[in-house]
Structure formats: structure tokens, C-alpha cells
Number of protein chains: 2
Amino acid sequence: MQPFRSFYNSEAQMIRGGFPQPFISRTYKTSFLKKRSNAEIKVVAAKKHSEAEKRRRMRINGQYETLRTILPNLIKHGELDCVMNQQKDKASVLAETIKQVKELKRKVSKLEQDSCGNSSKDVVKFPSGADRLNLERCNDEEGVVKATLSCEESLGLMSAISRAVGSVKTKVVKAEIVSVGGRNRSVLWVKGLGKDRMGMLKSSLKIAMHKPAFKMRRSTH
Amino acid sequence: MQPFRSFYNSEAQMIRGGFPQPFISRTYKTSFLKKRSNAEIKVVAAKKHSEAEKRRRMRINGQYETLRTILPNLIKHGELDCVMNQQKDKASVLAETIKQVKELKRKVSKLEQDSCGNSSKDVVKFPSGADRLNLERCNDEEGVVKATLSCEESLGLMSAISRAVGSVKTKVVKAEIVSVGGRNRSVLWVKGLGKDRMGMLKSSLKIAMHKPAFKMRRSTH
DNA sequence: TTAGACACGTGACCC
DNA sequence: TGGGTCACGTGTCTA
């Protein structure tokens, strides 16, 4: 079954049964036993080694397998070709992977460029139906907090928001305001806001959002 | 140097120098020579085999190498971590590849869904700065062509577009029109347009886009 | 018969 | 020093 003909195997075999027992002196016996145990240690080490190597191979092959499942490079060759269900070889799997990664990257950059750059520049979100208020530190710019709010549009909403921002002694460096169907969505980029005053700004904005003021309606009849 | 102790090698060696020449009979000699040549054939075959295997390994490793170059999984571990320039092992390269392929796929499907299709409900693209005109078959709906155009806003642009669509005897089943800062971005979903008339529609729209008409400006002073 | 692909056990090397 | 990774040559299977 096993075509395994290792150096250690044969040596161990030879040592195990190859000597005439009666003529072994004490010292020889000692060295023999020592050698024998050395050999056996080697055999054990070799086994361990080969098992570790097997595990490594299995790990790698497992990755190939999942790679095969997530990429459309398996089976099928032509159109109404035979149903050759056999999988491609490793090199081809890798080649196909490389091809697809490149293709995906190209696609992503095209799509990203298509919707042009950092989406907030030329993609505008409509106000959400439910009232919302969210403050978060901006990833792109150090020390900038991005405040996003959706609420009912009202006369004086803008000045209320303005006052709220002014009350925490900060500066709005950029804003994005969308007003649709009586709803408002505003995004404010606020600079110079200490961590301790984020809560203050949040509550100020909350008040501004819900300040009782008469609502704007599309028709005035 | 070579720890290579192959079956073929040792057999060949043994056969080459292991027999007392004087006692070899003619028939024995023939069979001996035959065996010797057989052994040598085997040695040559083994060499060929191992060389082929080496080529295969090189092919695979080459793919690993290119994979390493196109993926940002090489070097760098933490933040200001040591500069460990050593490359990751094969299993990790594959694992990282799988991760990134999944991530890229996710990204693409998100961007694709984002840019057209159903999420146009709550995301609107602004007109591009440069004039653009693009016609493509819609993936989601059979027989529908999606025409996207960005151009300078002008009085009469809409009626010009309307005429262009009418000229190829088709129907607009859906439209998305955004007008910002004197620029216009319109997306038209056109039904019942034969393949032969896509070019016609395209040139009609091109004319409509660039029709000399007085521009709309925000201020009228 | 020949070539290609794979798994295997092993020696070398590196922390 | 042991655990992990790699390249190697080989046996085996398949087309």
C-alpha cells in the first residue's frame, strides 16, 4: 500500500532485528540501545514532520477549494460543450483568480469614478422619513465632526441650526442641505469641537430640529 | 550535496559496477545490457519527470508572486510596526485573496445597485461637469434602453429631448431629471427601441443636448 | 507511450 | 530546540 521507503524506516528496521543478541557486551548494548532510541526518536520526528506537512498541504488545498467556489471558473468550457465537471488545475485557478481580481478592481474604480469620487461630492441623499440626528468624527479630516440630521422642514430651521452651532463656539466648514417634499436633510461638518462638547452640540441640534415653528407646505391654499 | 537516494539511481549504480565481468555468458550479457539500458532509460525518464515537476512548481509560484503584487496584503502588519519586508506564506496569500475577492464583489454589487436600478429611489446623482451621453440596454428590464445625459441646462432642453425621443417612435417609461447650478442630468428609460435605432436616438439626443438656446442662469440681473 | 497533475515524505532553512 | 514553511524528487493516476 505504502510506497514509503524512507531512510529512517529502513535504518530502524535494520537496527531492530539485525544483531546476534548473545554477543552484545554491556557497553555495546548501552550504545546500541542509545542508538536504537535515537533512531526511534528520529522515526517519530519524521512522522510528526510528515504529518505537519500534510496539514499544511490540506490548509492550502482548502483555500484552493473555496477559491474555486467563489469564482466562476469551475466547470463549463464552451457553450454547449460537454459537461466536463472536472475542476481546473491549481495554476489555472490562480491565473483565473488574478484575472478576476484585476477585472473586479477595474470595475470598482470605474463605478466609483462614474459616481465620481467620494460620493458625498456629487451624490445626494434624500431626507429620511423619520427624524434622525447623528454625530460622528470625520474619518477623512482630523478634528472635524460630521453632523447629519433629517427632520421636518420649517421656517427658521436654518437659523435655529445656525444658533445651535454658534452656541458651542464652533465653525461649520462645509454643509450639504437637501430639502424635498417638506423634509430636510442637513449635513454639517463642524471644526474645533472638543470631545466634551459633542453632547452639547447634539442636544442643541435636537432642540433646533423640533423647535415648534410653523411648517412649510408645498401648496398654500 | 544531493541527498537524493532514488530507487533508480541506486539500481543503476549497482548494475553498472556490481558484476564480475569474466563470468558473464553471452545470453546473460545481452539481458544484462538490456537491463542496463532499461535502467538508464528510467534514469532519463526520472530526470525528465522531475524537470517537468519543477516547471509546474515554478508556474504555480509565479502566480503566487503576481497575486502578491496586485493585492495589498504584502508587508506591513500593524501601524508603526517593524518594517517586516518578508512576504506572507502561501496559505495566507490565498486566504487574503479570498477575503479581497469577496470584498471586491460586495463592493461591485453595491456600487452597481447604487448607480442604477432600484436605489435611485433615494439617491440622486448630480449632473457631471462635462457633457456626457450614454445609451445602454437595461439589465433589469427586457427591451428597455437607459439613456443618461449630462449637459448645460437651457430653456427648451426638455422639449428638445422630448422631440428626440418622439422622433424614433419610442416611449419613455420612466425618467429622472436633476437640475443643479445650471447643469442638467437626465436619465430616460426608453421602451420599444430596436437595436438598429439606438444610434438614431443617440444622435437625436446629441443634437438636443447641444441645441443652441439661451442658457438659464441662477441670477437674472 | 507520453505528458501533465497531484500527494507524498524528506532535507534545508528560519524563527 | 521544535514548529512551521518551502523546494525537491518520486510514485501514481489520468488522458
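Within every chain, numbering begins at 1; the chains are lettered A, B, ... in the order of the sequence lines, protein sequences first and strands thereafter.
- When the P atom of C:dA5 is taken as reference, atom CZ of A:Arg68 falls 13 Å away, rounded to whole Å.
- Between the P atom of C:dA12 and the CZ atom of A:Arg56 lies a distance of 17 Å, rounded to the nearest Å.
- In the interface, the side chain of A:His49 is not paired with the base of D:dG3 through any donor and acceptor atom under 3.5 Å apart.
- Contact annotation: side chain of B:Glu53 to base of C:dC6, donor-acceptor pair present below 3.5 Å.
- When each of D:dG9, C:dC6, C:dT10 is scored by its nearest atom to the side-chain atoms of B:Ser50, the top-ranked nucleotide is D:dG9.
- Between B:Leu201 and B:Val165, the shortest heavy-atom contact is CD1-CA, 4.1 Å.
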Salt bridge (Lys or Arg N to Asp or Glu O under 4.0 Å) between B:Lys54 and B:Glu51, intermediate numbers included: CA-CA 5 Å; B:Lys54 187 174 176 71; B:Glu51 274 167 358; over 6 Å; no

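- For the pair A:Asn61 and C:dC6, the criterion of a side-chain N or O lying under 4.0 Å from OP1 or OP2 is not met.
- Rounded to whole angstrom, the span from the NZ atom of A:Lys48 across to the P atom of C:dG11 amounts to 17 Å.
- Put simply, CG on A:Asp89 is 12 Å from P on C:dG4, counting in whole angstrom units.
- Residue order along DNA chain D, read from the 5' end via each residue's closest nucleotide, puts B:Ala91 first among B:Ala91 and B:Glu51.
- Of the listed nucleotides (D:dC6, C:dG4, C:dG9), C:dG4 has the atom at the smallest distance from the side chain of B:Arg55.
- Across every non-hydrogen atom of A:Val168 and A:Arg197, the tightest pair is O-NH1, 2.8 Å.
- Distance check, rounded to the nearest 0.5 Å: CZ of A:Arg59 to CD of A:Gln63 gives 8.5 Å.
- The side chain of A:Ala46 sits closest to C:dT10 out of D:dA7, C:dT10, D:dC6.
- Nearest to the side-chain atoms of A:Lys54 among the listed nucleotides D:dA7, C:dC6, C:dC8 stands C:dC8.
- Whole-Å rounding puts the B:Lys90 NZ to D:dC8 P distance at 10 Å.
- Atom CZ of B:Arg59 is separated from atom C1' of C:dG4 by 8 Å (rounded to the nearest Å).
- The local environment of NZ in A:Lys105 is crowded, with over 12 non-hydrogen atoms from other residues, nucleotides or ligands closer than 6.0 Å.
- Taking atom OH of residue B:Tyr64 and atom P of nucleotide D:dA7, one finds them 10 Å apart after rounding to whole Å.
- Between A:Lys42 atom NZ and C:dA12 atom P the separation is 11 Å, expressed in whole Å.
- Put simply, the side chain of B:Arg57 and the base of D:dG9 share a donor and an acceptor less than 3.5 Å apart.
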